[in-house]
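Only one structure is covered here, and it is reproduced in the block below.
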Amino acid sequence: MDQQSSLVERFLRYVQIDTQSDEESASHPSTAKQRDLAKLLVAELNDLGLNVDYDELHCYVYAYLPSNDSENKAEDLGFIAHLDTSPAVSGKDVKPYIIRAYNGEDDILHPDEFPELNEHIGEDLIRSDGTTLLGADDKAGVAEIMEMLAYFRANPDVIHRGIAVAFTPDEEIGEGTAFFDLDRFHAKQAYTVDGGKFGILEYECFNAAIATVEIRGRSVHTGSAKGLMINASLLATEFINLLPEDERPETTEGYEGFYYLDSIRSDCEHARMQFLIRDHDLDKFAARKEFLQDAAFTINERYKTELCDITIEDQYPNMAMFLKDHMDLIERAQEAVRSVGGNPSTEPVRGGTDGAILSSRGLPCPNLATGGYNYHSRYEFASIPEMEKSLEVLKYLSRCT
Ligand SMILES: [Zn+2]
């Protein structure tokens, strides 16, 4: 009974390897230890007899399992997961712990704090010891992909498509696709396996831009400042007050976009603010950019001087617009979820994914669930039955039907 499934055994092994990325680092990968997991996966993929292509310098693992279909009519399909864990919480010395038949009573996972847990009563769950994250984000995805490959190698009678896989570094610091080489990845369509709750499929995300606002003030001795001083710090607050209060991250949800004051540094002479602009809708996104431009204009009008400068840079696009012509990927994934008794649903991502960048580069890439929860947290956990179902989804998608 206490025999671990090979998926769980694999997952437990992977999470004990520290692969935390580091947003302060200027190197690629941001931390060398991400290669520890990459190397292990390369060895395991070689053992499985796959064609492995390891970009050791940038820490990307690509592998390909050719189709065993003699007619080979179905297109190749790809799966992508990331090696790193979030810089937000330590991933060192992770001690995974299995709760058998969770009954709501646990030292760390309390349903009153995390109501989602009520939906997992009776399930076997995996968590950390509460001092680190677990790393289900995204080692659940890595383990599920590896287990799927092992399954097809062990069951050559099951006819499958050509399967391309890639494991990437630094997703958590927004650099997961920086050195992703589409030429080394065999498939023209793929899924990232980096979602959470089983059944949820993600293929819409924000359009994202970052605005940098610079304000020039004029410092004068406070004793003789009358009529002369221009306090850049106060102008910064004037600028902020021009923005709608109900369009902030803390007041929005679902498809509602926002402006987020990400940072502010100021003194009398100079103020610098950065705002993140987010909206799923492309027209509204454009309108938001214009609104910030207008706010800068308003400040300059008020003071009859060019005190306020704004530059806006795009960060990533909503992948939905690149998936319009690939809705079969979504439909097949929904079918796959139903095939294991799940209830497929879609949710707009209130952020970006590597899939968004890859989709914009020509590799359509919706995001599949893995069965993990409470990411980037000491309360992170994975549902074993949902991980097993997620694995079945990957197999279903890869099979030739
Ligand atoms: Zn992730």
Side-chain angles (χ1 to χ4, degrees), residues 7 10-11 14-23 29-31 33-34 36-38 41 59-61 78-91 94 96 116 126-128 132-148 165-180 190-206 208 315-316 319 333 346-359 363 365-383 386-387 390-391 393-394:
L7 172 62
R10 200 181 273 285
F11 175 71
Y14 297 163
V15 297
Q16 292 178 67
I17 301 170
D18 178 11
T19 56
Q20 192 179 40
S21 50
D22 176 6
E23 51 211 335
S30 67
T31 53
K33 60 191 174 187
Q34 294 179 67
D36 297 346
L37 179 56
L41 296 176
C59 192
Y60 286 69
V61 181
F79 297 95
I80 299 166
H82 63 89
L83 299 162
D84 64 319
T85 61
S86 167
V89 175
S90 171
V94 171
E116 168 69 35
I126 311 177
R127 60 159 168 78
S128 74
T132 65
L133 48 65
L134 173 65
D137 178 11
D138 185 20
K139 287 161 186 166
V142 175
E144 289 157 14
I145 291 172
M146 291 296 290
E147 193 62 25
M148 168 199 56
V165 304
F167 301 111
T168 62
D170 290 336
E171 189 272 350
E172 298 290 359
I173 58 170
E175 292 172 9
T177 60
F179 294 91
F180 193 103
Y191 296 93
T192 50
V193 187
D194 189 22
K197 187 181 179 66
F198 179 75
I200 295 180
L201 187 68
E202 299 167 327
Y203 67 97
E204 295 174 281
C205 63
F206 278 141
Q315 295 175 294
Y316 55 83
M319 70 176 135
T346 62
E347 241 173 47
V349 181
R350 290 181 62 78
T353 71
D354 276 359
I357 308 272
L358 293 173
S359 296
L363 181 69
C365 227
N367 191 28
L368 299 173
T370 66
Y373 293 83
N374 291 349
Y375 288 171
H376 307 186
S377 162
R378 293 185 290 110
Y379 304 95
E380 188 182 10
F381 69 95
S383 154
E386 291 196 7
M387 285 179 65
S390 300
L391 167 62
V393 164
L394 302 192

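What you see is a predicted model, and the numbers here were worked out from it, not measured in a lab. Start at 1 with the first residue, then count along the sequence. Whatever order the structure lists them in is the order used to number ligands and atoms, beginning at 1.
In this view, E204 satisfies the salt bridge (charged side-chain N to carboxylate O under 4.0 Å, His left out) rule with no residue, not counting sequence neighbours. Legend: residues meeting side chain to side chain contact (heavy atoms under 4.5 Å, CB included) with A143, ordered by chain and number and at least two apart, are L7, R10, F11, Y14. Remark: E202 pairs with I200, V349, N367 by the side chain to side chain contact (heavy atoms under 4.5 Å, CB included) rule, at least two apart or across chains.
One finds the OG1 atom of T19 at 9.0 Å from the CG atom of D36 (value rounded to the nearest 0.5 Å). With values rounded to the nearest 0.5 angstrom, T85 atom OG1 is found 5.0 Å from L133 atom CG.
Side-chain polar atoms of T31 and D22 form no donor-acceptor pair below 3.5 angstrom.
Under 2.8 Å from the Zn ion (ligand 1), one finds the following protein N/O/S atoms: H82 NE2, D137 OD1, D194 OD1, D194 OD2.
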